[in-house]
Amino acid sequence: MTQAHPEIKIRIGCKNDAAVLAEFNQLLAKETEGKELDNSTIMAGVVGGLERPERCQYFVAESRGQVIGQAMITYEWSDWRNGELWWLQSVYVQRDYRRQGVFTGIYRYIESLARKNESVRGLRLYVEEENSPGRKVYSHLGMKHAGYHVYEVEF
């Protein structure tokens, strides 16, 4: 397992992390998109993900027993590749721990799991266009712009 810092431990998220994961998602939405998420919806979404690992998997960074960062992966089947793409989502690191390798540790941990899994063909994520610090981090980790724009309709 790749460690960001000797005192930082990367592990799989669990039900006991639900409150902090929901809090971090609230902070992420506010910080990156200026959105206020509904507390009960986000908590139900986090718990729903934790209870059903076929939907997603959370990974957290801990320092001295406190969760300081997170990322979640979801799964996409690619018929073109005959395998899975893992999407990184809900990436958040507490402000006091940024630029200290916390996300790099989480990313490298997920990447190592993906490379060991014969059905995984790659990692993907989407990033807000205005998030230039995030884009720099992802480029530094070896990710590159895939040439796609994301379109959506919400219900």
Side-chain angles (χ1 to χ4, degrees), residues 1-6 8-15 17-18 20-33 35 37 42 45-63 67-95 97-155:
M1 166 180 16
T2 302
Q3 293 292 321
H5 210 274
I8 296 173
K9 175 185 170 192
I10 310 300
R11 64 172 175 78
I12 294 173
C14 64
K15 289 181 185 180
D17 300 316
V20 73
L21 294 171
E23 175 189 353
F24 283 2
N25 283 331
Q26 291 279 22
L27 293 167
L28 173 64
K30 181 71 171 173
E31 193 174 307
T32 60
E33 299 181 40
K35 291 183 179 180
L37 302 178
I42 192 65
V46 167
V47 170
L50 289 167
E51 289 178 343
R52 306 246 330 255
E54 71 274 11
R55 287 181 174 164
C56 69
Q57 182 71 65
Y58 287 94
F59 298 87
V60 299
E62 268 187 337
S63 178
V67 175
I68 59 168
Q70 70 177 35
M72 176 183 75
I73 59 168
T74 57
Y75 315 100
E76 173 189 348
W77 177 256
S78 173
D79 55 350
W80 287 12
R81 295 164 185 85
N82 188 29
E84 291 182 340
L85 296 170
W86 285 2
W87 282 84
L88 282 86
Q89 297 180 197
S90 299
V91 172
Y92 188 79
V93 175
Q94 280 185 331
R95 281 192 188 277
Y97 290 92
R98 292 181 186 169
R99 302 184 58 80
Q100 297 179 37
V102 175
F103 176 68
T104 297
I106 295 170
Y107 177 84
R108 294 293 184 214
Y109 184 84
I110 292 169
E111 181 185 36
S112 71
L113 294 176
R115 288 185 182 278
K116 291 176 189 172
N117 185 326
E118 291 181 12
S119 69
V120 179
R121 301 292 185 257
L123 300 175
R124 282 191 170 166
L125 59 81
Y126 55 86
V127 60
E128 292 294 317
E129 290 184 25
E130 303 300 316
N131 186 354
S132 57
R135 289 196 323 262
K136 286 179 187 174
V137 169
Y138 305 136
S139 292
H140 179 74
L141 291 170
M143 299 185 90
K144 49 190 168 183
H145 188 276
Y148 299 101
H149 292 277
V150 176
Y151 292 82
E152 70 178 10
V153 60
E154 290 192 37
F155 302 110

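These numbers come from the heavy atoms of this one structure, side chains and all, not from hydrogens, waters or symmetry mates. Only a predicted model underlies this, so the values are computations on that prediction, with no experimental measurement involved.
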Looking at side-chain heavy atoms only, is the closest gap between [X] and [Y] below 4.5 Å?
| X | Y | value |
| --- | --- | --- |
| V60 | I10 | no |
| Y138 | F103 | yes |
| R115 | V120 | no |
| K30 | K35 | no |
| K15 | E51 | yes |

Check: W87/E76 side-chain N/O donor and acceptor closer than 3.5 Å: yes
Mutual orientation of the aromatic rings belonging to Y92 and F24 [parallel < 30°, tilted 30-60°, perpendicular > 60°]: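 If you compare the ring of Y92 with that of F24, the planes turn out tilted.
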Donor-acceptor under 3.5 Å ([X] side chain, [Y] main chain):
| X | Y | answer |
| --- | --- | --- |
| R11 | E62 | no |
| R121 | N82 | yes |
| S139 | K136 | no |
| N25 | L21 | yes |
| R98 | V93 | yes |
| Q70 | S90 | yes |

To the nearest 0.5 Å, what is the distance between [atom1] on [X] and [atom2] on [Y]?
| X | Y | atom1 | atom2 | result |
| --- | --- | --- | --- | --- |
| S63 | I68 | OG | CD1 | 5.0 Å |
| L113 | N117 | CG | CG | 8.5 Å |
| T32 | L27 | OG1 | CG | 10.5 Å |
| I106 | E111 | CD1 | CD | 14.0 Å |
| W86 | R124 | CH2 | CZ | 15.5 Å |
| L125 | M72 | CG | CE | 12.0 Å |

Please report the closest heavy-atom contact between [X] and [Y], naming both atoms and the distance.
| X | Y | value |
| --- | --- | --- |
| A114 | L123 | CB-CD2, 4.0 Å |
| Q26 | I42 | NE2-CG2, 3.6 Å |
| A71 | V91 | CB-CG2, 4.1 Å |
| L50 | C14 | CD1-O, 3.6 Å |
| R55 | G48 | NH1-O, 3.3 Å |
| G69 | V102 | CA-CG1, 4.4 Å |

side-chain hydrogen bond (donor to acceptor under 3.5 Å, both in side chains) contacts touching residues 146-155 (sequence neighbours left out):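 For residues 146-155: none.
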More than 12 heavy atoms from other groups under 6.0 Å of CH2 on W80: no
Exceeds 12 heavy-atom contacts within 6.0 angstrom, atom CD of E54: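 Enclosed.
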Presence of salt bridge, E31 and R95, under 4.0 angstrom: yes
Worked check of side-chain hydrogen bond (donor to acceptor under 3.5 Å, both in side chains) between Q89 and T74: CA-CA 7 Å; Q89 297 180 197; T74 57; 3.1 Å; yes
Verdict with reasoning, I12 to Y58, per side-chain contact (heavy atoms from CB on, under 4.5 Å): CA-CA 6 Å; I12 294 173; Y58 287 94; over 6 Å; no
